[in-house]
Amino acid sequence: MPVPALRIRTLNDAPPRGAGDFILYWMIAFRRPAWNYSLDRALEWCRDLNKPLLVLEPLRSGYPWASDRLHRFVIDGLKANEGAFADSAERGVRYLPYVEPERGAGSGLVEALAARAAVVVTDDYPCFFLPRMVAATAPRLPVRCEGVDSNGLLPLRAASQSFTMAFHFRRWLQKNLREHLEEDQFPSREPLKNLRLPPAPPLPKEIARRWPAADLDALTSGPAALAKLPIDHQVGLCDTPGGRDAAGKVLATFLKRRLERYLERNDPAADSASGLSPYLHFGHISAHEVFAAAAQREQWSPRELSTKADGKNTGWWGVSPPLESFLDELITWRELGYNFCSQRGDYDQFTSLPDWAKKTLANHAGDPREHLYSRAQFEQAQTHDPLWNAAQRQLVREGRMHNYLRMLWGKKIVEWSATPQAALEVMIELNNKYALDGRDPNSYSGIFWVLGRFDRPWAPERPIFGSIRWMSSDNTAKKLHVKEYLAKYGPQRELFG
């Protein structure tokens with residue numbers, strides 16, 4: 001089936017060029033060889049114009065928060081993709097993984113390839129620096145450039161407004177998502193299978209010389225492999241590997257062993273979170289693939305959907321309670337964040353908060369703070385609170401944080417910062433610097449939820465927070481099983497004994 005038109009945006013005024021040597025897929029967000037509308041669209045052009053495909057997957061060195069941790073996760077994905085595309089080399093597909101050896105070295109590469117292309121297809125992602133990069137590059141290209149949305153089950157352009165609460169977005173989804181859940185609307189599971197395209201020509205020598213393919217074996221050979229790259233080497237590697245194969249294993253483990261306990265995911269002792277967020281963020285796995293695998297587990301079909309559109313988070317999908325809860329996270333909450341980023345250019349700014357939240361925070365801006373910490377003290381887990389320190393240590397060490405404790409982590413940063421604006425800066429910096437799933441629409445949803453986005457006023461008003469939802473470390477420790485968590489991440493665990 002063709003890629004739905006709602007997912008395709010034309011990004012410049014140039015026409016296709018029939019004399020081009022290939023179709024160029026500039027892969028920047030959906031870093032996978034399957035379940036990918038962008039790849040499907042590039043292959044549509046290949047078939048229409050009888051051209052081979054060149055897949056360029058670059059990795060810049062100068063992106064914000066570039067580090068060994070983030071680079072290695074992406075490079076793991078490059079290596080997995082190299083293997084997948086190598087199997088299609090004889091069928092008209094050439095793959096070029098490029099890792100910048102120094103900042104700015106990749107400048108001009110897309111333009112040089114586009115000069116020989118018939119059409120350029122790229123990923124339409126609504127967050128981080130990618131929209132600005134694409135908007136600056138596409139008008140300079142001499143051929144048609146299209147951006148393709150492969151972000152989630154709902155096309156970004158299906159909704160013409162942003163939503164203030166998950167309830168309202170969920171109700172909208174219950175009215176409008178059904179048509180996008182039919183299998184013929186999904187991206188191809190195996191787009192490279194049985195592919196037959198004209199032979200891909202070798203890259204021109206001047207391009208291959210200036211922008212050589214990355215030596216991915218060398219770059220993944222050990223902790224010191226990235227030492228020469230101009231990135232932050234203080235944020236070290238973690239034990240979570242990147243790439244499509246790793247993502248598939250995480251998904252399989254979740255569905256087999258953890259999904260049945262998903263309703264207990266707020267408890268650190270339950271070990272029931274999916275673990276998929278880094279792979280979804282870097283595009284190593286598709287929300288469609290995750291959804292299809294989860295639905296297959298219960299032999300679900302769209303016929304199971306309720307006809308009600310009441311905005312409730314139960315009773316619509318017609319699946320087991322754990323799976324319904326997971327689908328609400330995967331689709332409602334995840335795509336609510338994507339919707340907001342696509343609709344609001346200030347998604348990462350304090351100005352994007354709802355008016356009631358800005359008003360109540362302003363009313364309490366002068367409230368005294370019992371504790372005040374600097375960004376460095378937060379980063380080094382040097383607060384008086386052992387549970388908060390443990391959560392921060394997990395983030396720094398592992399590139400992730402327990403879901404429920406991430407909410408507490410943010411609330412306490414607000415409580416211990418001089419202003420809510422200062423707290424926002426700290427949350428964004430620490431999350432985006434250390435978290436594998438940072439710099440994502442969901443990251444900003446979580447950070448801004450701490451300050452009232454997608455939430456409502458709560459009574460009674462409290463110092464510092466006003467009517468923003470408040471959380472307590474003591475209450476959290478009483479509610480959850482944190483003893484083992486503190487034993488693993490916190491030296492002050494005896495205070496919670």
For this session: For side chain to side chain contact (heavy atoms under 4.5 Å, CB included), just list the numbers for Thr137 and Glu111, CA-CA rounded to whole Å, side-chain angles, deciding distance to a tenth of an Å, and then say yes or no.
Result: CA-CA 8 Å; Thr137 303; Glu111 291 87 343; 4.0 Å; yes
Exercise. Is there a donor-acceptor contact under 3.5 Å linking the side chains of Trp316 and Glu324?
Worked result: no
For this session: Would you indicate whether the side-chain heavy atoms of Cys127 and Asp440 approach each other to under 4.5 Å?
Result: no
Exercise. Is it true that the side chains of Arg400 and Ser277 contain a donor and an acceptor less than 3.5 Å apart?
Worked result: no
Problem set entry | Lys433/Glu379 salt bridge by N-O under 4.0 Å criterion | yes
Exercise. Is the backbone of Met27 close enough, under 3.5 Å, to the side chain of Asp123 for a donor and an acceptor to pair up by distance?
Worked result: no
Exercise. Does some side-chain heavy atom of Ile428 sit less than 4.5 Å from a side-chain heavy atom of Trp65?
Worked result: yes
Exercise. Honestly, is Arg94 close enough over Phe22, meaning NZ or CZ under 6.0 Å from the six-membered ring centre and within 45° of the axis?
Worked result: no
Exercise. Which heavy atom in Ala200 sits nearest to a heavy atom in Pro52, and how many Å separate them?
Worked result: CA-CB, 3.7 Å
Exercise. Is there a donor-acceptor pair under 3.5 Å between the side chain of Arg439 and the backbone N or O of Phe128?
Worked result: no
Exercise. Taking the six-membered ring for Trp, are the ring centroids of Phe291 and Trp300 within less than 6.0 Å of each other?
Worked result: yes
Problem set entry | Shortest non-hydrogen separation from Phe30 to Asp149 and the atoms involved | CE1-C, 4.3 Å
Exercise. Between Arg69 and Val396, is there a donor-acceptor pair closer than 3.5 Å when you use the side chain of the first and the backbone of the second?
Worked result: yes
Seminar exercise, completed: Smallest heavy-atom separation, Pro4 atom then Gln185 atom, equals CG-OE1, 3.7 Å
Problem set entry | Worked verdict on Phe340 versus Tyr444 for ring pair (Phe, Tyr, Trp, His ring centres under 6.0 Å) | CA-CA 10 Å; Phe340 196 91; Tyr444 290 103; over 10 Å; no
For this session: Might you work through the side chain to side chain contact (heavy atoms under 4.5 Å, CB included) test for Thr240 and Tyr279, ending with a clear yes or no?
Result: CA-CA 10 Å; Thr240 304; Tyr279 303 101; 3.4 Å; yes
Problem set entry | Stepwise side-chain hydrogen bond (donor to acceptor under 3.5 Å, both in side chains) check, Arg453 with Ser352 | CA-CA 8 Å; Arg453 180 185 291 175; Ser352 68; 2.4 Å; yes
Problem set entry | Lys/Arg-Asp/Glu bridge criterion (N-O < 4.0 Å) met for Arg144, Glu146 | yes
Exercise. Under 3.5 Å, side chain of Arg157 to main-chain N/O of Leu6, donor-acceptor pair present?
Worked result: yes
Problem set entry | Residue pair Asp437 / His281, side-chain donor-acceptor N/O under 3.5 Å | no
Problem set entry | Residue pair Phe129 / Arg60, side-chain heavy-atom distance below 4.5 Å | yes
Exercise. So, for Ala34 and Leu39, which heavy atoms are closest and what is the spacing to 0.1 Å?
Worked result: N-CD2, 4.3 Å
Exercise. Where does the angle between the aromatic ring planes of Trp172 and Phe169 fall among parallel (under 30°), tilted (30 to 60°) and perpendicular (over 60°)?
Worked result: parallel
Exercise. Between Glu90 and Arg196, does at least one N-O distance fall below 4.0 Å, as a salt bridge requires?
Worked result: no
Exercise. Can Val99 and His71 be said to form a side chain to side chain contact (heavy atoms under 4.5 Å, CB included), step by step?
Worked result: CA-CA 9 Å; Val99 177; His71 246 55; 4.3 Å; yes
For this session: Look at the side chain of Arg17 and the backbone N and O of Ala115, then say whether any donor-acceptor pair between them is shorter than 3.5 Å.
Result: yes
For this session: Specify whether Phe186 and His288 have parallel, tilted or perpendicular ring planes, treating 30° as the upper limit for parallel and 60° as the lower limit for perpendicular.
Result: perpendicular
Exercise. Any ion pair linking Arg9 and Asp124 (charged N to carboxylate O, less than 4.0 Å)?
Worked result: yes
Exercise. Would you call Arg170-Asp328 a salt bridge at under 4.0 Å N-O?
Worked result: yes
Seminar exercise, completed: Distance col, row Asp346:CG vs Cys341:SG, nearest 0.5 angstrom, shows 10.0 Å
Exercise. Does a side-chain N-to-carboxylate-O contact under 4.0 Å join Glu289 and Arg244?
Worked result: yes
Problem set entry | Flag side-chain contact, heavy atom, 4.5 Å: His284 against Phe73 | yes
Exercise. Is there a donor-acceptor pair closer than 3.5 Å between any side-chain N or O of Glu304 and the backbone N or O of Ser301?
Worked result: no
Exercise. Between Glu44 and Val3, is there a donor-acceptor pair closer than 3.5 Å when you use the side chain of the first and the backbone of the second?
Worked result: yes
Exercise. So, are Arg72 and Asp76 salt-bridged, with charged N and O less than 4.0 Å apart?
Worked result: yes
Problem set entry | Electrostatic pair Lys79-Glu57, nearest N-O below 4.0 angstrom | no
Problem set entry | Beyond-backbone contact of Asp232 with Asp68, side-chain heavy atoms, under 4.5 angstrom | no
Problem set entry | Taking every non-hydrogen atom, the tightest pair across Tyr125 and Leu130 | CD2-CD1, 3.6 Å
Exercise. To the nearest 0.5 Å, how far apart are CD in Glu82 and CD1 in Ile75?
Worked result: 12.0 Å
Exercise. Given Ile8 and Arg41, is the side chain to side chain contact (heavy atoms under 4.5 Å, CB included) satisfied, shown in steps?
Worked result: CA-CA 9 Å; Ile8 303 169; Arg41 180 58 176 168; 3.6 Å; yes
Problem set entry | Contact summary for Arg344 and Ser162, nearest pair of heavy atoms | CG-OG, 4.3 Å
For this session: Might you work through the ring pair (Phe, Tyr, Trp, His ring centres under 6.0 Å) test for Phe254 and Phe326, ending with a clear yes or no?
Result: CA-CA 11 Å; Phe254 170 64; Phe326 174 66; 4.8 Å; yes
Problem set entry | Under 3.5 Å: donor-acceptor pair, side chain of Glu335, backbone of Leu153 | yes
Problem set entry | Check: Lys51 side chain, Gly20 main-chain N or O, donor-acceptor pair, under 3.5 Å | yes
Exercise. Are Leu305 and Arg178 close enough that some pair of their side-chain heavy atoms sits under 4.5 Å apart?
Worked result: yes
Exercise. Do Ile285 and Arg32 come close enough that some side-chain heavy atom pair is under 4.5 Å?
Worked result: no
Exercise. Within the side chain of Arg265, is there an N or O that forms a donor-acceptor pair under 3.5 Å with the backbone of Ala273?
Worked result: no
Exercise. Just checking, is any N or O donor in the side chain of Arg334 or Tyr338 under 3.5 Å from an acceptor N or O on the other one?
Worked result: yes
